[in-house]
Amino acid sequence: MLGSVTTVEGIHYKTKEPVTIHIEHGRIKDIEPIDPEKINDSLPWVAPGLVDLQINGYYGSDFNTIPIAKGSVENTTRGLWKEGVTSYYPTVITNGDEEIEQALQSIAAACDGDPVSQAGVQGIHLEGPFISPEDGPRGAHDKRYAKAPSWPLYQKWQEAAQGRIKIITLSPEWPGTIDFIERCVDQGVTVSIGHTSASAEQIDEAVKAGARMSTHLGNGAHLMLPRHPNYIWEQLSQDGLSACIIADGFHLPESVLKVILRTKGEKTLLVSDAVYLSGMAPGAYDNHIGGRVVLTPEGRLHLAENPGLLAGSAQLLPRGISHLVKNGLAALEEAWDMASVRPSAFMSLPTQNGLTVGSPADLVLFELKEQRITIVQTYKQGNRVFDLTTSTKE
């Protein structure tokens with residue numbers, strides 16, 4: 001960390017007015033306009049810290065290579081600061097029962113032993129193994145481990161996670177899913193529909209039972225679907241479901257993003273779903289899921305033997321925000337909210353009110369040139385934890 005601060009200056013991302021944000025005890029004490037005579041052309045934008053509901057790893061640290069390497073959570077938490085991410089949910093995907101338990105234990109232990117990770121990790125996202133076993137909806141998840149929900153098994157995992165599982169992605173196509181969803185909801189866990197081949201009736205029942213989110217809607221699906229009904233249309237039509245989208249420019253075409261944005265409105269949330277190769281240099285890598293993969297200079301991650309197939313996401317939330325703005329799909333303030341205050345409010349985090357007096361001072365200063373976002377500084381609870389100038393010198 002670079003130390004605590006008492007003031008931050010920038011152009012407010014919503015009002016477009018230059019402001020000084022006064023910070024005291026890690027919270028926003030006051031926001032006041034800057035004297036016009038003191039304004040200069042070099043002021044960056046200032047906005048709330050980004051919140052990512054789905055992070056599989058970052059810069060070589062992987063939450064799904066078992067055992068999780070020591071320091072993975074700590075390094076990811078700190079590494080994400082350069083991407084403007086101040087809060088996130090490490091994501092554990094489909095695996096063997098013991099492997100999932102080990103991953104959850106490792107993440108919980110890291111948070112217990114590192115106050116910085118404790119502050120950054122808002123919970124764990126368990127993506128599977130209660131998902132569709134079918135090719136297409138299953139995505140890159142291992143078919144051997146896809147299975148029906150088990151409450152005793154889930155309780156065992158939640159105990160290993162020390163209660164940190166806050167989001168679970170599942171498919172309501174399995175028998176017994178409705179009772180499982182209701183139990184999760186009773187414990188305050190967000191249930192998200194994803195990697196599914198569920199019928200319209202099963203999706204409707206899941207929403208009535210308390211499911212309230214769609215995991216990376218439009219991805220993790222069959223290549224060919226019935227015209228209607230199908231599980232994408234059904235999730236779009238459910239007013240009770242918020243939709244997470246990956247807007248990196250590779251996972252969903254602009255037309256699909258536009259439809260989701262117009263249908264879901266303020267219930268649209270940005271996620272990165274970034275894998276451990278995010279933040280790495282372009283090149284070929286050996287991946288434990290999918291074999292040999294290639295990260296292109298443009299940021300697209302694909303299978304080496306089949307460039308037409310994606311091998312996951314390697315871009316973070318600033319890329320998604322930039323993509324929406326650049327393509328005229330959303331204004332800057334709306335796109336930024338999709339990746340900050342909206343997910344924060346959805347998960348009832350202390351940062352849900354964004355740049356308001358009394359809120360935690362989780363802030364980001366950034367530059368926007370040709371619709372490309374560059375993170376300049378990141379603040380966590382009033383502490384400057386990333387500075388581009390210092391980082392460049394290092």
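Proximity of Val92 to His125: side-chain heavy atoms (C-beta onward) are nowhere separated by under 4.5 Å. A heavy-atom distance below 4.5 Å is not found between the side chains of Leu365 and Leu388. At a threshold of 4.5 Å between non-hydrogen side-chain atoms, the residues Thr268 and Ser242 do not count as touching. Val51 is not listed as a side-chain neighbour of Val85, based on a closest heavy-atom distance of 4.5 Å or more. Contact annotation: the side chain of Glu367 never approaches that of Trp45 to less than 4.5 Å [non-hydrogen atoms, C-beta and beyond]. Proximity of Thr351 to Val341: side-chain heavy atoms (C-beta onward) are nowhere separated by under 4.5 Å. In this structure, the side chains of Glu9 and Thr20 come closer than 4.5 Å at one or more pairs of heavy atoms. Looking at heavy atoms from C-beta onward, Gln315 lies out of side-chain contact with Ser278 at the 4.5 angstrom threshold.
A donor-acceptor pair shorter than 3.5 Å can be found between the side chains of Glu298 and Thr296. Between the side chains of Tyr88 and Thr77, a donor-acceptor pair is found at a separation under 3.5 Å. Side chains of Asn327 and His323: a donor on one and an acceptor on the other come within 3.5 Å. Looking only at atom types and distance, the side chain of Ser117 has a donor-acceptor partner in the side chain of Asp114 under 3.5 Å away. Glu127 and His195 share a side-chain donor-acceptor pair at under 3.5 Å. Remark: the Gln118 side chain and the Asp112 side chain contain no N/O donor-acceptor pair separated by less than 3.5 Å.
Side-chain atoms of Asp362 come within 3.5 Å of backbone atoms of Gln381 as a donor-acceptor pair (strictly under, hydrogens ignored). At distances below 3.5 Å, not a single donor-acceptor pair connects side-chain atoms of Ser322 with backbone N or O atoms of Arg372. Judged by distance alone, the side chain of Asp62 and the main-chain N or O of Asn64 form a donor-acceptor pair under 3.5 Å. Judged by distance alone, the side chain of Ser61 and the main-chain N or O of Gly57 form no donor-acceptor pair under 3.5 Å. Counting only distance, with no hydrogens or angles, the side chain of His216 and the backbone of Ile246 share no donor-acceptor pair below 3.5 Å. No donor-acceptor pair closer than 3.5 Å links the side chain of Gln238 to the backbone N or O of Val207. Panel note: side chain Thr378, backbone Phe386; no donor-acceptor pair is recorded below 3.5 Å. Panel note: side chain Lys380, backbone Thr86; a donor-acceptor pair is recorded below 3.5 Å. A donor-acceptor pair under 3.5 Å links the side-chain atoms of Arg300 to the main chain of Pro307, judged by distance alone. Between the side chain of Thr356 and the main chain of Asn353, a donor-acceptor pair closer than 3.5 Å is present.
Within a 6.0 Å sphere centred on CD of Glu32, heavy atoms belonging to other residues, nucleotides or ligands number more than 12. At most 12 heavy atoms of other shown residues, nucleotides or ligands fall within 6.0 angstrom of atom NZ in Lys369. Within 6.0 Å of CD in Gln155 there are more than 12 heavy atoms belonging to other residues, nucleotides or ligands. Heavy atoms from other residues, nucleotides or ligands lying under 6.0 Å from CD of Glu159 number 12 at most. Other residues, nucleotides and ligands contribute at most 12 non-hydrogen atoms within 6.0 Å of the CD atom of Glu266.
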### Candidate pair Glu17 and Ile11, rule side-chain contact (heavy atoms from CB on, under 4.5 Å), full reasoning
CA-CA 5 Å; Glu17 297 293 332; Ile11 301 171; over 6 Å; no
### Task
Please report the C-alpha distance between Ser272 and Asp52 in whole Å, then the side-chain angles of each, then the deciding distance to 0.1 Å, and finally whether the side-chain hydrogen bond (donor to acceptor under 3.5 Å, both in side chains) criterion is met.
CA-CA 7 Å; Ser272 70; Asp52 203 327; 2.6 Å; yes
### Audit row: Glu370, Lys326, salt bridge (Lys or Arg N to Asp or Glu O under 4.0 Å) steps and yes/no
CA-CA 8 Å; Glu370 296 180 352; Lys326 183 177 181 180; over 6 Å; no
#### Entry: Check against salt bridge (Lys or Arg N to Asp or Glu O under 4.0 Å), Lys82 and Asp387
CA-CA 8 Å; Lys82 70 175 69 172; Asp387 188 308; over 6 Å; no
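Remark: Asp179 CG to Glu182 CD distance equals 6.0 Å, nearest 0.5 Å. Atom CZ of Arg138 and atom CD1 of Ile131 lie 7.5 Å apart (nearest 0.5 Å). Summarising the geometry, atom OH belonging to Tyr154 is positioned 5.0 Å from atom CD1 belonging to Ile165; distances are rounded to the nearest 0.5 Å. Between Thr6 atom OG1 and Ile21 atom CD1 the span is 12.5 Å, to the nearest 0.5 Å. With values rounded to the nearest 0.5 angstrom, Ser214 atom OG is found 11.5 Å from Ile245 atom CD1. With rounding to the nearest 0.5 angstrom, the CD atom of Glu99 is 7.0 Å from the CD1 atom of Ile66.
A salt bridge (Lys or Arg N to Asp or Glu O under 4.0 Å) check over residues 242-260, counting only residues at least two apart or in different chains, returns nothing. Pairs passing the salt bridge (Lys or Arg N to Asp or Glu O under 4.0 Å) check and including a residue from residues 200-229, sequence neighbours excluded, read Asp204-Lys208.
Grouping Ile, Leu, Val, Met, Phe, Trp and Tyr residues whose side-chain heavy atoms lie under 4.5 Å apart, directly or via other members, places Leu310 in a hydrophobic cluster with Phe250. Through direct or indirect side-chain contacts shorter than 4.5 Å among Ile, Leu, Val, Met, Phe, Trp and Tyr, Tyr145 is connected to no other residue.
For the pair Asp97 and Lys147, the salt-bridge criterion is met [side-chain N within less than 4.0 Å of a carboxylate O]. A salt bridge links Glu101 to Lys156: at least one charged side-chain nitrogen sits closer than 4.0 Å to a carboxylate oxygen. In this structure, Arg342 does not pair ionically with Asp337, as no charged nitrogen and carboxylate oxygen lie closer than 4.0 Å. Salt-bridge formation is not detected for the pair Lys267/Asp239: no Lys NZ or Arg NE/NH1/NH2 atom is positioned less than 4.0 Å from an Asp or Glu carboxylate oxygen.
In terms of hydrophobic clustering, with Ile, Leu, Val, Met, Phe, Trp and Tyr side chains grouped at heavy-atom distances under 4.5 Å, Val271 and Val121 are assigned to different clusters. Both Val73 and Trp157 belong to a common hydrophobic cluster when Ile, Leu, Val, Met, Phe, Trp and Tyr are linked at side-chain heavy-atom distances under 4.5 angstrom. Hydrophobic clustering (ILVMFWY, side-chain heavy atoms < 4.5 Å, transitive): Met213 and Ile168 are in distinct clusters.
Aromatic pair Phe366/Trp336: centroids less than 6.0 angstrom apart. In this structure, Trp151 has its ring center closer than 6.0 angstrom to the ring center of Phe180.
Under the rule for a side-chain contact (heavy atoms from CB on, under 4.5 Å), the partners of Pro137 that lie at least two apart in sequence or sit in another chain are Ser132, Glu134, Ser197, His222, Tyr231. Not counting sequence neighbours, the partners of Asp273 by the side-chain hydrogen bond (donor to acceptor under 3.5 Å, both in side chains) test are Gln54, Asn56.
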